[in-house]
Asks: 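Take a look at the following structure, please.
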Amino acid sequence: INTDKIYICIDDNVFDVTSGKSSYGPGGGYAIFAGHDITYSLAMNSLKKEDLDKFGFDFDEKQRKRLKGWNDFFLNKYKLIGRLKNNENDDESMRLFKLDELHEYNGVDKGELVYLSVDGTVFDVT
């Protein structure tokens, strides 16, 4: 695909950071992040290529707090455009929902499950 769009992923949230091209585009200080999952990189404060697209790690409290701060930053500054579907976490907990399907998970119609969507991200609040 030949595109000028720049996407990054944090905690399975895919953001369009094209408006931050001076930072994430070619020659930018964070250009290494473009087109990658940067969850592990942000948790470790790393700009190393080998820390991109790393999955399956448990983070300590400090790292989780750091990730939450970054996720909040990206949610406030850039558009959340999707979720990463990764073979390593390809289970029902990571599925994509249509809005009408989400409406069915209200804790009444489908039993005990309750899902809530905030700005396009679906949470299990059972």
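Sequential numbering from 1 along the given sequence is applied to the chain's residues.
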Asks: Does the pair Lys21 and Ile6 meet the rule for a side-chain contact (heavy atoms from CB on, under 4.5 Å), with working shown?
Replies: CA-CA 7 Å; Lys21 189 173 187 171; Ile6 304 169; 3.9 Å; yes
Asks: Report the distance from atom SG of Cys9 to atom CG of Asp53, rounding to the nearest 0.5 Å.
Replies: 8.5 Å
Asks: Quick one: are Asp37 and Leu84 in side-chain contact, heavy atoms under 4.5 Å?
Replies: yes
Asks: Report yes if the side chains of Ile8 and Phe74 come closer than 4.5 Å at any heavy-atom pair, otherwise no.
Replies: yes
Asks: Provide the closest heavy-atom pair for Lys5 versus Thr18 in the form atom of the first, atom of the second, distance.
Replies: CA-OG1, 3.4 Å
Asks: Nearest 0.5 Å, please: how far is CG in Asn71 from CZ in Phe73?
Replies: 11.5 Å
Asks: When you measure from the side chain of Ser41 to the backbone N and O of Asp51, does any donor-acceptor pair fall under 3.5 Å?
Replies: yes
Asks: How are the rings of Phe57 and Tyr40 set to each other: parallel, tilted or perpendicular (split at 30° and 60°)?
Replies: tilted
Asks: If only atom types and distance count, is the side chain of Asp11 paired as donor or acceptor with the main-chain N or O of Asn13 below 3.5 Å?
Replies: no
Asks: Should we count CD of Glu61 as having more than 12 external heavy atoms under 6.0 Å?
Replies: no
Asks: At what distance, to the nearest 0.5 angstrom, does CD1 of Ile10 lie from CG of Leu67?
Replies: 8.0 Å
Asks: Are the aromatic ring centres of Phe15 and Tyr7 under 6.0 angstrom apart?
Replies: no
Asks: Does the side chain of Arg83 reach to within under 4.5 Å of the side chain of Val14, using non-hydrogen atoms?
Replies: no
Asks: Quick one: closest heavy-atom pair of Glu50 and Lys54, and the distance?
Replies: O-CE, 3.4 Å
Asks: Could you tell me if the side chain of Leu47 sits less than 4.5 Å from the side chain of Tyr30, heavy atoms only?
Replies: yes
Asks: Between Ala31 and Gly25, which heavy-atom pair has the shortest distance, and what is it?
Replies: CB-O, 3.0 Å
Asks: Run Arg66 and Leu42 through side-chain contact (heavy atoms from CB on, under 4.5 Å) and show every step you take.
Replies: CA-CA 7 Å; Arg66 186 179 303 130; Leu42 294 178; 5.8 Å; no
Asks: Restricting to non-hydrogen atoms, name the atom on Ala34 and the atom on Tyr24 that form the minimum distance, rounded to 0.1 Å.
Replies: CB-O, 3.5 Å
Asks: Regarding Lys68 and Asp72, does a basic nitrogen lie under 4.0 Å from an acidic carboxylate oxygen?
Replies: yes
Asks: Check the pair Thr39 / Phe59 against side-chain contact (heavy atoms from CB on, under 4.5 Å), numbers first and verdict last.
Replies: CA-CA 10 Å; Thr39 305; Phe59 299 113; 4.1 Å; yes
Asks: Contact between Gln63 and Asp60 at the side-chain level, heavy atoms closer than 4.5 Å - yes or no?
Replies: yes
Asks: Any side-chain heavy atom of Ile32 within less than 4.5 Å of one from Lys49?
Replies: yes
